[in-house]
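Beneath this line is the structure, given in structure tokens, with notes to follow.
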Amino acid sequence: MKSTGFISGEQVHESVDTDLSIRIIAVRVTSAREKQTSSTSSGQLDNMPVHVLSEGAGPGTQVPNDLTRIPTSDINPIINPSNKAVQGKVVRKGPLVLAADNFILKAVIQEEESQTDTSAQSASINVVLMGTLAKEFNLSVKQGDVLMVSGFTVGKSPTANKDKLHPWNLQLSGDKACVYVFSQPTPPDPRSQPAVKRNAALSSQVSRATKSPKYTYVRLDDLKAESVVNVYGVVTFFKQPYKSRGTDFCSVLKITDQSNEEILCKIFCKKLEDHPKVLQVGDIVRLHGVKFHYFRDSKELLKTFGFSALTFDGVVGNPVEPRTSSQSVHFDEEDRRRVEELRSWYSAKSVLPAVSTTPLSAVTPKVYFDLTCQLLAKTFIDNTRTLLSVWDGTRCSYPLAKVKLDPDVTEGPSSFCEEKESLIANILVYDNHSVFARQLKPGNFLRIYNLHAVPGSITGPGIISDHREKEEHLVLYLHGGATYGRGMQILPEDSSDVRELKRNIAAFQMDTSMSDSEMIDVWCTPPESTVSSERRCDHDVQPKTLFQLKQSKPSGVHHVRVQLRSYEPFRLYQALKLYCSKCKTIREIPDEETIADVFSKAARSTQPHSPLPFLVSERRSFWKCLSEYFFEAHILTYFVPQRLRELIFLRGLTLEEMCSMASCYHNVIPVRSSRGDMALLDLFVPFLFRGRRRYYGCDKCSEVRVTDPCLEDIEPIDEKIIAKGLGVQLMQFVLLMKFELQDATDSLDVFLWRDAELFFGVSAEFAAVGQEAQDRIGQIMDFLCPPESNPGERPWLDLCLRAYQSESNGGRSQTCFEICQTTFTGRPSTD
DNA sequence: GCTTAGGGTTAG
């Protein structure tokens with residue numbers, strides 16, 4: 001059944017969801033069962049190249065007896081590999097690649113600690129699978145699985161120098177090659193659970209692991225030399241990625257976890273975006289594919305083959321959103337739990353709060369500090385120096401060095417109003433940082449690490465020092481190099497630090513006479529071309545930031561330019577409601593099952609009722625709709641027997657039959673017997689069907705009377721006329737949604753309902769029955785709030801908001817906002 | 001393909 005209406009949508013959605021999950025499980029179950037059967041019942045393994053052995057069973061079962069297991073350290077090209085097998089855990093599974101008409105898949109397996117000397121480089125070995133085996137492997141094996149391979153040949157590993165793994169690899173192709181998989185995920189932290197409980201934990205892990213790849217993470221005190229692992233940790237020190245003398249960027253982090261081990265991680269990646277996006281000490285990183293080893297007796301983790309990184313804010317209570325440039329990230333509830341555990345562990349442990357940047361107001365001479373700020377202007381001085389003019393909305397208690405900027409070599413304004421000028425700090429950035437500064441644009445939000453506040457003055461070409469008393473002023477330096485994590489970073493627009501910074505700046509703006517335009521021009525106004533809605537009102541009010549709006553005890557109308565951060569309900573059919581304009585009540589549309597139930601009960605009641613004089617009772621064959629189904633209908637016909645002028649009162653039909661009739665006859669009114677009289681059904685269900693449209697009455701405001709509504713002279717007959725004739729207070733269809741808006745300064749929940757039709761350009765009534773209208777709303781919401789998008793990159797909206805007072809549950813009055821007189825204008829994406 | 005760096009202040 002295709003989803004045809006918001007009303008029936010819930011049911012449809014659920015059945016789709018259910019079907020989907022059953023299908024996924026069914027495929028898994030079937031394939032697992034088939035494989036188990038084939039590997040156990042015949043006594044001999046069939047010719048399937050990848051065998052999944054019973055899940056949770058220990059390694060060593062169901063593998064042919066004639067295979068001899070050998071340690072990876074024994075692998076070399078001289079051994080005779082026939083009847084030999086190698087066992088290990090899959091620590092990396094590469095993609096299935098089609099090369100020269102043949103499928104290839106590379107994986108790395110690692111021997112488990114009990115079976116080998118893990119300090120050897122040879123503990124992890126590359127496995128190269130070809131042909132059907134590669135395809136089978138891709139489908140049946142996931143990272144973390146333990147497997148045994150046989151029928152391999154030994155080749156030279158071309159990547160041994162790079163990945164520091166086993167110098168030889170195992171090549172699997174042809175009839176003899178075989179992979180036995182022991183699907184055996186490891187619990188997240190085995191030591192936290194008593195051994196006897198492991199089986200139970202394992203079985204739940206197995207059931208979850210069937211849905212998505214599962215990674216295992218090693219605690220930092222449990223690392224084995226030369227092992228390639230995945231780890232979680234809290235960052236205790238970091239250097240921003242910087243250009244190494246080699247070919248890559250290098251970033252250095254020190255991480256810790258509940259074991260209190262502190263380990264240095266070195267990450268070399270050519271692309272900046274592949275580095276962990278650490279913003280401050282206390283951030284949490286998840287590193288995949290790092291190799292543990294010792295360097296001069298110190299423990300180190302080194303980026304290796306299969307490396308990837310996620311970074312999380314470390315503040316307890318903040319949203320757990322991974323920072324990454326990767327398009328496909330495996331991130332599940334267990335990851336969320338790990339992040340939250342590390343956050344609370346670290347916050348309980350550390351004396352200082354995780355946030356460590358210093359506002360300008362707290363800067364004193366000679367200190368080194370980190371600063372979160374906004375770049376206002378950038379001045380090129382010479383090959384080694386760039387001057388950055390920044391602010392953070394606070395005033396330094398020591399006088400800052402002032403300069404006059406040469407407009408010819410300055411990007412951004414070269415002068416500012418006096419109020420603003422008094423907050424601006426000028427920073428000299430040197431060498432590598434001066435090179436980095438080339439990419440900065442005025443307006444960028446920056447975090448600058450290890451700034452140095454030094455008494456003095458600023459001189460140089462393009463700069464005119466603005467004062468004589470050198471020693472009394474502070475100059476901020478970002479010295480060259482990367483020691484102490486020195487460097488800077490552009491902060492993402494939607495980060496909590498940037499929001500806070502913007503609030504500080506906005507608060508300063510409100511306290512002074514600074515014009516809105518000067519401020520907003522820098523950091524609030526997105527390009528005109530990205531604005532996707534238009535105000536249709538004629539209010540003459542200046543746009544405000546959300547922060548200003550919330551501060552100002554608002555009433556009346558306000559204009560804002562905002563982005564959509566989230567919305568409710570996510571399932572759009574739930575946005576459709578019924579509204580009574582008389583008693584102002586909004587109620588839910590009952591679901592299809594509930595309506596059908598009311599009709600079935602009414603249909604089963606067979607009590608007769610006295611005939612109503614204005615109705616012609618007929619026994620008709622409604623063959624068109626119910627295929628030769630004879631039943632009594634009570635028909636009120638005006639003038640000539642013309643279908644459109646008939647009201648058909650039907651008793652004893654199920655909802656399905658009623659819909660079928662309504663598809664052929666206009667104005668179908670369901671009725672029942674009530675104490676010997678004909679009456680309408682409960683007003684909870686539709687009182688009128690007109691084609692696919694259903695109409696509801698307000699049970700509080702209706703005074704129902706089944707009499708002749710006297711519609712002879714009325715043209716055309718519509719639902720309003722019929723409702724009036726029956727004494728029914730007609731309810732309107734309305735769309736009711738809650739939008740969470742955001743701008744540079746804050747976020748705000750607002751409602752969209754009375755003007756929702758204007759906003760979406762569709763009628764709610766049409767949306768109740770028309771797929772087209774629903775699709776349009778869905779497309780608009782997807783356009784404004786794409787499911788996978790970064791909130792900062794979403795389209796902007798010019799909105800007119802009306803503030804009003806509403807009583808909360810506790811009886812207290814609260815300010816609410818409603819979007820009004822605004823139309824969506826952006827073009828929904830059609831691809 | 002291999003190296004890079006391997007935390008621990010510029011000296012403007």
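Here the structure is a predicted model, which is why all the values come from computation and not from measurement. Basis for what follows: all heavy atoms, side chains included, without hydrogens, waters or symmetry-related copies. So you know, we letter chains A, B, ... as the sequences are listed, proteins then strands, and number each from 1.
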Gap between atoms CG and P, on L272(A) and dT4(B) respectively (whole Å): 20 Å
Using the purine O4'-C1'-N9-C4 or pyrimidine O4'-C1'-N1-C2 torsion, is dG8(B) syn (within 90° of 0) or anti? syn
For R499(A), the salt bridge (Lys or Arg N to Asp or Glu O under 4.0 Å) test, sequence neighbours excluded, returns none
Residues at least two apart in sequence or cross-chain that pass salt bridge (Lys or Arg N to Asp or Glu O under 4.0 Å) with E273(A), listed by chain then number, are none
Spacing of the C1' atoms in dT10(B) and dG6(B) (rounded, Å): 22 Å
Can you name the residues that form a salt bridge (Lys or Arg N to Asp or Glu O under 4.0 Å) with E321(A), not counting sequence neighbours? none
With sequence neighbours left out, what residues match E500(A) under salt bridge (Lys or Arg N to Asp or Glu O under 4.0 Å)? none
Quick tally for nucleotides 5-12 of chain B: nucleotides whose base has a protein heavy atom under 4.0 Å get B, sugar-phosphate-only ones S, the rest -, giving BBBBBB-B
Just to verify, what does T483(A) make a side chain to side chain contact (heavy atoms under 4.5 Å, CB included) with, not counting sequence neighbours? R486(A)
